[in-house]
Amino acid sequence: MPFLERTDVILARRGFSTNKKIRRFLQRNVFEVNGIRILTGGTRINLFEDSITINGIPSDLRPDIYIMMNKKSGCICSNNRDSNLKTNPPLVFQDIPQELKDEAEKFNLGTLHTVGRLDADTEGLLIITTNGDYSHRITIPEFHCDKTYYLKLKNPCSEEEQKEYIKKCSEGFFIEAEHNYTSAGYKPAFTCKPSVLSFISSDECTLTISEGKFHQVKRMIKTLGNHVSYLKRTVMGNLHLDPALLPGQWRHMTQEEILSVLK
Ligand code: URA
């Protein structure tokens, strides 16, 4: 399925500051998509496939970059503007080749950034993109993007405990504030929304949540009286982590995959 976007949204991302400037640009120039002139910003186009010309000259409008990464443990998701910054622990961007960062700059795409964050010791599905509208849409609380995690628990659970955990997750429960004197700082209390917990064995389970509060899964499990010893994100929306990707590896997402997160 093609990934379509509004022309005005694309142009705004490429530097047009107002709708008035976009309207004027489309009126004063012959902006053609597959040979058909576009006069209104609301027309949806596909940057991956459509042939775009401006006044008869092929345009340098390129699709944004969308990457699926299997984040490895020991890397951090900081979206520091300087993608070449060397930090300790290393940034996830250090596994992305320089050519892609150069492409983002050359074609005036946005800065490569992570869609949400995973903790330094969490592995799994991480989206990295240059499209700020896309990442904003996925991460705003109103969008309720479901995320599924595979986790190992420190303490194995009896059948009774498993039932109790599952029930509490299905109802949602209160999570105390945490004072943490490291860089993570203060974490306010909140009531987590209903979530789906399924046990694979006495100390392995999957948890699907629709929110993304700081350290949410670890704090949920802690409140239930246990401890997460391993955490990996496997699904976001309808996007599943490609099992062929080893920790630290990445690949470009297909158009279908880009759309699947939004469903
Ligand atoms: N919840 C956590 O506790 N950590 C993560 O990295 C992601 C979700």
Side-chain angles (χ1 to χ4, degrees), residues 67-80 87 89-95 113-129 135-136 138-141 143-155 157 165-166 168-170 172-200 203-242 245-250 261:
I67 284 169
M68 171 198 294
M69 176 181 268
N70 182 358
K71 179 191 169 296
K72 64 186 176 197
S73 177
C75 281
I76 53 171
C77 289
S78 166
N79 280 327
N80 194 301
T87 63
L91 296 173
V92 287
F93 303 108
Q94 283 171 8
D95 286 323
H113 60 277
T114 66
V115 177
R117 287 173 182 217
L118 292 174
D119 297 338
D121 59 354
T122 303
E123 292 187 353
L125 179 57
L126 183 68
I127 299 173
I128 296 178
T129 182
S135 46
H136 177 71
I138 297 166
T139 46
I140 51 170
F143 183 65
H144 303 296
C145 177
D146 280 350
K147 290 161 285 266
T148 300
Y149 295 85
Y150 163 82
L151 44 146
K152 284 192 185 150
L153 302 172
K154 187 174 166 206
N155 304 310
C157 297
Y165 283 20
I166 290 169
K168 283 198 169 149
C169 284
S170 72
F173 53 90
F174 182 75
I175 296 180
E176 302 270 5
E178 276 184 22
H179 297 269
N180 185 326
Y181 297 103
T182 67
S183 59
Y186 175 72
K187 298 177 220 160
F190 70 104
T191 300
C192 62
K193 297 216 168 77
S195 56
V196 181
L197 182 68
S198 312
F199 276 84
I200 300 164
D203 62 354
E204 273 177 298
C205 47
T206 62
L207 176 64
T208 301
I209 57 174
S210 60
E211 318 165 87
K213 297 271 192 326
F214 190 57
H215 287 179
Q216 175 147 351
V217 175
K218 289 176 187 161
R219 290 175 70 195
M220 284 174 72
I221 298 299
K222 187 174 168 197
T223 305
L224 292 172
N226 212 315
H227 183 83
V228 174
S229 61
Y230 174 78
L231 186 58
K232 177 179 183 176
R233 182 159 64 195
T234 54
V235 187
M236 286 173 78
N238 285 319
L239 176 70
H240 291 249
L241 176 65
D242 183 341
L245 292 175
L246 298 172
Q249 290 185 335
W250 63 273
V261 190

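In each ligand, atom 1 is the first atom listed, and ligand 1 is the first ligand listed.
- Of all the listed residues (R233, K71, K218, K232), K218 holds the heavy atom that lies closest to atom 3 (O) of ligand 1.
- Remark: ligand 1 and V217 share an N or O pair separated by less than 3.5 Å (distance only, no angle test).
- K222 places a side-chain heavy atom less than 4.5 Å from the side chain of E178.
- A 4.5 Å side-chain heavy-atom check between V235 and H240 finds at least one atom pair inside the cut-off.
- In this structure, Y230 and E123 have side chains that are in contact, with non-hydrogen atoms separated by less than 4.5 Å.
- For the atom pair CG of L126 and CH2 of W250, the computed distance is 13.0 Å after rounding to the nearest 0.5 Å.
- Heavy-atom proximity to Q216, at under 4.0 Å, picks out these atoms of ligand 1: 1 (N), 2 (C), 3 (O).
- Only side-chain heavy atoms of T122 come within less than 4.0 Å of ligand 1; its backbone N, CA, C and O stay farther off.
- At a heavy-atom distance under 4.0 Å, no atom of V228 approaches ligand 1.
- Residue F214 places every heavy atom at 4.0 Å or more from ligand 1.
- Residues M220 and L197 fail the side-chain proximity criterion, which asks for heavy atoms closer than 4.5 Å.
- Taking a cut-off of under 4.0 Å to the non-hydrogen atoms of Y149, the atoms of ligand 1 that pass are 7 (C), 8 (C).
- The shortest contact between atom 4 (N) of ligand 1 and any protein heavy atom is with D119 OD2, 2.7 Å.
- Taking 4.5 Å as the limit, some side-chain heavy atom of C192 sits within range of a side-chain heavy atom of E211.
- Closest of all the heavy-atom pairs between D119 and K71 is O-NZ, 3.0 Å.
- Within ligand 1, counting atoms from 1 as listed, the ones closer than 4.0 Å to a heavy atom of H215 are 1 (N), 2 (C), 3 (O).
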